[in-house]
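Just so you know, these numbers come straight off a predicted model, no measurement behind them.
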Amino acid sequence: DAVNRSLLLPLLEPGPESVILVPIRSRGRLTGILYLASAPGGPAFTDADLRLATAAAMAITIGLDNSLLYTELLTSLEFNEGILQGLGSGLLAMDGQGVVRKINAVGLELLGLTAAEVLRRPLGDVPILAPLVPLMSRVAETGQRLDRQEVELVRGNERLPLGLTLVPLRTASGRIEGAIANFRDLTHVRRLGELVRRGQRLAALGEMAAGVAHEIRNPLNSIRGFVELIQERTAGEDRRYMQIVVEEVERINHIVEGLLDFARQQDIRLAPMDLSPVGVRVMALVAAAAERRHVRLGNRLPEECHVIGNTGKLEQVFLNLVQNAVEAVPDGGDVMLSAVAREEGGVPG
């Protein structure tokens with residue numbers, strides 16, 4: 001019976017004159033019983049005592065319900081805070097007066113701010129957040145959701161592009177109380193876009209290079225043919241010069257082939273080779289320019305310098321290096337081409 005109602009029971013056996021049993025309920029469930037016994041030999045409980053005990057049990061029930069509600073509220077707040085801080089993007093909430101009420105850790109890190117610099121301050125009073133004011137105010141005033149918005153903030157000495165989604169902040173009754181901004185850094189996205197555009201430009205350049213290369217090869221073949229005819233009719237030093245012209249035409253042809261390889265995106269073919277003849281040819285090609293600048297050239301490459309590489313590419317590299325060196329040193333300087341043998345990994349042998 002105590003499960004359903006309060007009871008005042010007289011006792012016939014020696015002991016208390018009477019007892020009071022009052023059920024304690026919380027949210028419709030029995031959670032306990034308030035048990036009161038009168039003192040032995042003392043006056044028995046009356047209906048007034050029963051009503052007082054019932055009122056006490058009701059107060060206990062209210063206290064239990066409030067305690068449960070408070071615990072649930074704390075759990076809910078911790079749960080919501082966990083979601084807020086666990087977001088991979090920044091989140092900022094502004095109330096109807098334009099005051100920042102919430103910002104998560106990701107947002108603070110992204111903006112380079114501390115909570116004290118943002119929370120409970122008008123949005124417009126935080127310099128870096130000024131570009132957000134028009135958008136968030138618009139959402140707070142109209143209740144309109146804004147997707148795929150972009151703004152550029154100034155963080156120190158750098159610019160920070162942000163992508164935003166803005167939604168109105170509503171109460172449980174649906175009344176608009178401000179605005180929420182979810183934002184992320186677009187720096188990497190813009191960088192990726194620039195890489196895509198660069199790739200497109202390179203593809204277009206490759207197509208142009210292929211066209212130009214084909215146009216260059218035709219006159220090159222004619223030049224080489226006529227030089228070889230002249231070479232057959234010359235002797236001595238002039239014949240050697242004609243041979244240099246033929247070799248240079250061949251090198252230009254290799255450069256043109258390189259342009260075609262670039263257009264076709266082919267890999268450079270590597271093979272065992274001797275670097276010494278490359279050094280000899282490079283020095284011969286630069287000799288005239290060095291003589292005009294009174295620069296002394298020296299070749300200290302070993303007689304046999306075997307490497308894995310591409311003859312044409314390495315010749316172009318060494319030619320560029322030596323030409324730059326000749327132009328960089330003062331008149332009367334020295335330019336030396338040398339090589340040092342190393343084991344794999346760059347450790348001197």
Verify, without hydrogens or angle tests, whether [X] (side chain) and [Y] (backbone) share a donor-acceptor contact under 3.5 angstrom.
X      : Y      : value
Arg293 : Val329 : yes
Thr31  : Ile24  : yes
Asn104 : Leu91  : yes
Arg296 : Gly332 : yes
Asn324 : Asn320 : yes
Ser38  : Ala44  : no

Minimal non-hydrogen separation, [X] against [Y], with atom names:
X      : Y      : answer
Arg300 : Ser338 : CB-CB, 3.9 Å
Ala179 : Val139 : CB-CG1, 3.9 Å
Val280 : Asn299 : N-ND2, 3.8 Å
Ala181 : Leu164 : CB-CD2, 4.3 Å
Val282 : Val322 : CG1-CG2, 3.8 Å
Leu314 : Val307 : CD1-CG2, 4.3 Å

I'd like to check [X] versus [Y] (side-chain heavy atoms, cut-off strictly below 4.5 Å). Are they in contact?
X      : Y      : value
Val317 : Leu321 : yes
Leu92  : Ile180 : no
Phe45  : Leu36  : yes
Asp334 : Val295 : no
Leu153 : Val151 : yes
Arg170 : Arg175 : no
Leu123 : Val99  : no
Val154 : Arg159 : yes

In the single-linkage hydrophobic clustering (I, L, V, M, F, W, Y; side-chain heavy atoms under 4.5 Å), do [X] and [Y] co-cluster?
X      : Y      : result
Val286 : Ile244 : yes
Val245 : Ile230 : yes
Leu119 : Leu108 : yes
Ile176 : Leu132 : no
Val19  : Ile33  : yes

Look up atom [atom1] in [X] and atom [atom2] in [Y], then write down how far apart they are to the nearest 0.5 Å.
X      : Y      : atom1 : atom2 : value
Met273 : Cys305 : CE    : SG    : 8.5 Å
Arg120 : Asp95  : CZ    : CG    : 12.0 Å
Thr114 : Glu109 : OG1   : CD    : 13.5 Å
Phe183 : Leu166 : CZ    : CG    : 10.5 Å
Lys313 : Phe318 : NZ    : CZ    : 15.0 Å
Met242 : Glu247 : CE    : CD    : 12.0 Å

- Message: Surrounding CE of Met58 (heavy atoms of other residues, nucleotides or ligands, distance under 6.0 Å), is the total greater than 12?
- Response: no
- Is atom CZ of Arg121 surrounded by more than 12 heavy atoms (other residues, nucleotides or ligands) closer than 6.0 Å? yes
- Residue among Val126, Leu111, Leu129, Leu110 satisfying side-chain contact (heavy atoms from CB on, under 4.5 Å) with Ile103: Leu111
- Note on the structure: When Val22, Ile20, Leu21 are each screened for side-chain contact (heavy atoms from CB on, under 4.5 Å) with Tyr35, the one that passes is Leu21
- Query: Given the rule in the side-chain contact (heavy atoms from CB on, under 4.5 Å) test, do Gln149 and Leu135 qualify, once you have shown the distances and angles that lead to the verdict?
  - Reply: CA-CA 9 Å; Gln149 301 296 307; Leu135 293 173; 3.9 Å; yes
- Message: With no hydrogens and no angle check, just 3.5 Å: does a side-chain donor-acceptor pair link Asn182 and Ser89?
- Response: yes
- Can Arg145 and Asp147 be counted as an ion pair, charged N to O under 4.0 angstrom? yes
- Message: So that I can tick it off, tell me whether Glu315 and Arg281 are bridged by a salt bridge, with the cut-off set at under 4.0 angstrom between side-chain N and carboxylate O.
- Response: yes
- Query: side-chain contact (heavy atoms from CB on, under 4.5 Å) between Glu150 and Leu162: does it pass, once the steps are laid out?
  - Reply: CA-CA 6 Å; Glu150 292 187 15; Leu162 291 185; over 6 Å; no
